[in-house]
Amino acid sequence: MDHEELREKLDESYRIGCPFGHSARIPSEERETAYCRSCNKSHPFEDLIDKAERPISHGSLRL
Ligand SMILES: [Zn+2]
């Protein structure tokens with residue numbers, strides 16, 4: 001996934017998550033990173049995961 005596509009997905013959906021399964025919701029304007037509030041750090045775009053392509057099991061989640 002190229003970074004332009006990733007940035008669009010960050011803006012439009014909750015698909016993109018940090019490498020630890022959180023939702024990294026704050027793409028940086030000047031860097032190719034997204035900030036994760038749960039981790040309290042920024043992750044480079046190439047470390048982010050697309051949940052639509054790698055679905056997270058909901059078996060352990062109580063919704
Ligand atoms: Zn995180």
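For Cys18 against Leu48, the heavy-atom pair with the smallest separation is CA-CD2, 3.9 Å. Taking all atoms of both residues into account, the shortest heavy-atom contact from Ser28 to Arg7 is O-NH1, 2.7 Å.
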Walk me through whether Ser38 and Phe20 qualify under side-chain contact (heavy atoms from CB on, under 4.5 Å). CA-CA 9 Å; Ser38 298; Phe20 303 98; over 6 Å; no
Determine, stepwise, if the pair Leu6 / Glu46 fulfils side-chain contact (heavy atoms from CB on, under 4.5 Å). CA-CA 9 Å; Leu6 186 61; Glu46 53 265 32; over 6 Å; no
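The CD atom of Glu32 sits 7.5 Å away from atom CD of Glu4, with the distance rounded to the nearest 0.5 Å. One finds the CG atom of Asp47 at 12.0 Å from the SG atom of Cys36 (value rounded to the nearest 0.5 Å). Between the OH atom of Tyr35 and the NE2 atom of His43 there is a distance of 9.5 Å, given to the nearest 0.5 Å.
Two residues are said to be in side-chain contact when any heavy atoms from C-beta on lie closer than 4.5 Å; Ile16 and Phe45 fail this criterion.
Glu29 CD: 12 or fewer foreign heavy atoms inside a 6.0 Å radius.
Using modelled atom types, no side-chain atom of Arg31 and backbone atom of Pro44 make a donor-acceptor pair closer than 3.5 Å.
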